[in-house]
There are 2 protein chains.
Amino acid sequence: MTGAEASLPAPPRIDRRRAPETAAKILDAAESLFSLRGFYGVSLRDIAGAAKVQVALTHYHFGSKEALFRAVVDRRADEHVRCLAEALDQALTVQGSRTERRKAIIRAFILPIVERTMRGGPGWKHYIRLMAQIANAPQQEDYTVPFGQHFDDLVQSYIAALKDLHPDMEEGKVYWCFFFYQAMITHILAESGMLDRQSGGRFHSSDLDAMVEQMVDFVSGGFLGLGAGPD
Amino acid sequence: MTGAEASLPAPPRIDRRRAPETAAKILDAAESLFSLRGFYGVSLRDIAGAAKVQVALTHYHFGSKEALFRAVVDRRADEHVRCLAEALDQALTVQGSRTERRKAIIRAFILPIVERTMRGGPGWKHYIRLMAQIANAPQQEDYTVPFGQHFDDLVQSYIAALKDLHPDMEEGKVYWCFFFYQAMITHILAESGMLDRQSGGRFHSSDLDAMVEQMVDFVSGGFLGLGAGPD
DNA sequence: GTCTATAATGGGATAGAC
DNA sequence: GTCTATCCCATTATAGAC
C-alpha cells in the first residue's frame with residue numbers, strides 16, 4: 001500500500017507538524033465509539049484505528065484512556081450547558097396560561113438537545129448519545145464524574161422554575177416529575193431502538209422532531225397527574 | 001450447612017461432582033458484576049474472583065463470556081415474564097372508571113418489577129438492574145439479543161390492553177405513551193443516582209415503594225396529555 | 001513538540017491432569 | 001465429568017527516535 005517510497009530527494013522538514021488535527025481526529029473517533037459501546041466497550045486501538053492514527057498517539061495527546069474520555073465530554077460541555085441555560089431564560093419570558101408556561105419550560109429542556117442531535121452534525125449526535133450513556137451508568141463510575149459537574153446545577157434552575165410555576169404542588173412531586181422527564185430523555189437519546197422494534201417499525205425513536213411535541217404533552221400531563229393545579 | 005457426612009458405609013460414587021453449586025456461584029457473581037458495569041466492563045477474571053473459583057471454570061461451565069451472559073439472563077427470564085403476564089391479566093379484571101383501569105395496567109407493569117427488586121433478594125435486584133442496562137444499550141449489540149426475545153411480545157400485550165382502553169386515542173400516541181413509560185422505568189432501575197444528587201439527598205431513586213404511585217399518577221396524566229378521553 | 005517501536009500486564013480461550 | 005496449568009493475543013502505557 002505504501003509502495004514506491006524509493007526516491008526521496010530532500011524534503012527537509014517540509015510538513016513538520018502535520019498533526020494539528022490529530023488530536024481532533026482522535027476526539028471525533030473516541031466520541032463516536034464511546035457513545036455506541038461505552039467506556040469499557042472501546043479500546044484505544046479501536047479509537048486509533050477509526051481515527052487512522054497510531055495507537056500510542058492517543059496516549060501522547062491525552063495521557064490516558066480516562067483522560068481522553070474526559071476530554072471528549074469537555075469539548076462540547078460548555079456550549080451544551082450554555083445553550084440549555086439560554087433556552088430556559090427564553091422560556092421564562094413566555095406569557096400565557098400556566099399550561100403554556102409549563103410546556104415552554106419542558107420544551108426548553110429537550111429542544112436544544114434534539115436540535116443539536118439532528119442538525120448539529122455527527123459530532124453532536126454522538127456527544128448527546130454519550131451524555132445519555134453516562135447518565136445511565138449505575139452509581140458513580142469514575143468516568144462519569146465530568147457529566148455530573150457540568151449538568152446538575154443547570155438542572156437545579158429548571159426545577160426551580162417549575163417550582164415557582166407550581167406553588168400549589170408538593171415540592172417532592174416537582175422533583176419526581178422532572179426526574180421522570182430526565183429519565184425519559186436519557187433513555188431515548190441513547191437510541192436503544194426499543195420503540196422501533198415494539199411498534200413493528202411504524203414509529204421510530206429517531207424521529208426526534210415528531211417525538212418532541214408528544215413528549216412535551218405527555219410530561220405536561222404528568223404534572224397534572226401529580227397535582228399541578230389548573231391554569 | 002450440609003455438615004456431618006462422616007459415616008457413609010458404602011459411598012460408591014458419593015461426592016463425585018462436588019461442584020453442583022459452582023455454576024450457581026458463577027452465575028450469581030456474573031449477575032452482580034454485569035449489572036453494575038455492563039458486559040464489557042467486567043472480565044471473566046473479575047467474575048471468577050468474586051465467585052472464588054478458578055477463572056477457567058467459567059469457560060468450562062458456560063463455554064464463553066457471551067454464553068455466560070445469556071445464561072445469567074435466562075436463569076430468571078421465564079419467571080420474570082410470567083409474573084408480568086399474570087399481573088396484566090389481573091389488572092384487566094379491575095372494574096371502575098377508565099382512569100382507574102388505566103392506572104391498574106400501568107401499575108401492573110412496574111409493580112412486579114419493583115417487588116422483585118426490593119423483596120426478591122439480592123439476585124433479583126441485580127437481575128433487574130441488568131435488564132435495565134441491556135435495555136439501555138444502543139442498537140443491537142450481540143449480547144442484548146436475549147432480552148428482546150424474552151420481553152418484546154409481553155410488551156405487545158400491555159400496549160394492546162391500553163389500546164383497547166383508549167379507542168379514542170390515535171394508535172401512535174398509545175405507543176408513544178408506553179414508550180415514554182418504559183424509558184422512565186429503564187433509567188430508574190439502572191440506579192443512576194441522578195435524583196439523589198439533584199434533590200440534595202432529600203429524595204432517593206432507591207425509594208422504589210414511594211416512587212411507584214408517583215409514577216403511576218404521572219404516566220396516567222401523561223396519557224391524558226396525549227389525548228386520552230375522560231372517564 | 002510529534003510520532004514510532006516496544007514493553008508489561010491482563011484478556012478470553014484451550015489442552016490436558018485428576 | 002470436574003478442575004488446573006498454560007497459551008496466545010489484545011490492552012494500556014512508556015521509552016526513546018525524529
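Given the structure is predicted, the values throughout are model-derived calculations rather than measurements.
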Figure out the [atom1]/[atom2] separation between [X] and [N], and round it to whole Å.
| X | N | atom1 | atom2 | result |
| --- | --- | --- | --- | --- |
| B:Ile47 | C:dA13 | CD1 | P | 11 Å |
| B:Lys25 | D:dC3 | NZ | C1' | 13 Å |
| B:Gln54 | C:dT14 | CD | C1' | 14 Å |
| A:Phe62 | C:dC3 | CZ | P | 12 Å |
| B:Leu57 | D:dC3 | CG | P | 6 Å |
| A:Lys52 | C:dT4 | NZ | C1' | 20 Å |
| A:Tyr40 | C:dG11 | OH | P | 12 Å |

> Would you say A:Gln90 has more than 12 foreign heavy atoms packed within less than 6.0 Å of its CD?
Replying inline: no

>> For a quick test of reading the model: is some side-chain N or O of A:Thr22 closer than 4.0 Å to OP1 or OP2 of C:dT2?
In response: no

> Closest heavy-atom contact between A:Ala183 and B:Ile188?
Replying inline: CB-CG1, 4.4 Å

>> If I compare all heavy atoms of B:Val42 with all of B:Lys65, which pair ends up nearest, and what's the gap?
In response: O-NZ, 2.7 Å

>> To the closest 0.5 Å, what do you measure between CD (A:Glu115) and CH2 (A:Trp124)?
In response: 12.5 Å

>> Counting primed atoms plus P, OP1 and OP2 as sugar-phosphate and everything else as base, spell out the protein contacts along nucleotides 12-18 of chain D at 4.0 Å heavy-atom distance: B, S or - for each nucleotide, 5' to 3'.
In response: BBB----

>> Applying the side chain to side chain donor-acceptor pair (under 3.5 Å) criterion to B:Glu31, which one of B:Arg76, B:His126, B:Lys125 satisfies it?
In response: B:Arg76

> Going through the checks in order, is the side-chain contact (heavy atoms from CB on, under 4.5 Å) test met by A:Leu44 and A:His59?
Replying inline: CA-CA 9 Å; A:Leu44 293 176; A:His59 233 95; 4.2 Å; yes

